[in-house]
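Everything on this sheet refers to the single structure shown next.
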Amino acid sequence: MKKVEAIIKPFKLDEVKQALSEIGIAGLTATEVKGFGRQKGHTELYRGAEYVVDFLPKVKVEVVVADHLAGRVVEVVERAAKTGRIGDGKIFVVPVEEVIRIRTGERGEEAL
């Protein structure tokens, strides 16, 4: 199994969710996060004082899928989240050793 983690722009969450739903992905976890990369930050004024905002709001989407679905999930997320501008985000694919559904005790792909 693989966990696909994508850091995306917040306004792209609905598009990513819809695209994953269309390929049969029934569940995901979305978390509001902050970070920076090449996009860096920007300067803002607050009550006359200038300050740097270097952590930008993002959303982390996590999906655990069977190995054979990971490539398709990456393609779909990449297409749905892309704006073509700096700060579109990153996708990480990491192996998952075990999944356990707490309610039933199912393990492995059955628990997905």
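Values below: all heavy atoms of this structure, side chains included; hydrogens, waters and symmetry mates excluded.
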Considering all heavy atoms, the nearest Ile91-Ala6 contact: CG1-CB, 4.1 Å
Validation row: Glu5, Val93 side chains within 4.5 angstrom (heavy atoms): no
Same apolar cluster: Leu56 and Ile7, side chain cutoff 4.5 Å: no
Flag side-chain contact, heavy atom, 4.5 Å: Lys9 against Lys58: yes
Spatial distance of atom NZ (Lys2) from atom CG (Asp67) [nearest 0.5 Å]: 4.5 Å
Extract all donor-acceptor atom pairs below 3.5 Å that involve side chains of residues 18-28 and protein atoms in other chains or at least two apart in sequence.
residue: Gln18; atom: NE2; partner: Glu22; partner atom: OE2; Å: 3.1

Close side-chain approach of Leu112 and Met1, heavy atoms under 4.5 Å: yes
ILVMFWY cluster, Val4 and Leu13 together (side-chain gap under 4.5 Å): yes
Heavy-atom check, side chain of Thr83 versus side chain of Lys12, under 4.5 Å: yes
Side chain to side chain contact (heavy atoms under 4.5 Å, CB included) between Val59 and Phe11, worked out: CA-CA 9 Å; Val59 171; Phe11 66 88; over 6 Å; no
Derivation of the side chain to side chain contact (heavy atoms under 4.5 Å, CB included) call for Ile8 and Val61: CA-CA 8 Å; Ile8 62 173; Val61 176; 3.9 Å; yes
Nearest-0.5 Å distance that lies between atom CG in Leu69 and atom CD in Glu109: 8.0 Å
Closest non-hydrogen atom pair between Val65 and Val73, with its separation: CG1-CG2, 4.0 Å
Heavy atoms of other groups near Lys17 NZ, more than 12 under 6.0 Å: no
Side chain to side chain contact (heavy atoms under 4.5 Å, CB included) between Ile100 and Glu98, intermediate numbers included: CA-CA 7 Å; Ile100 298 119; Glu98 184 71 272; 3.6 Å; yes
Lys60: side-chain hydrogen bond (donor to acceptor under 3.5 Å, both in side chains) partners, not counting sequence neighbours: none
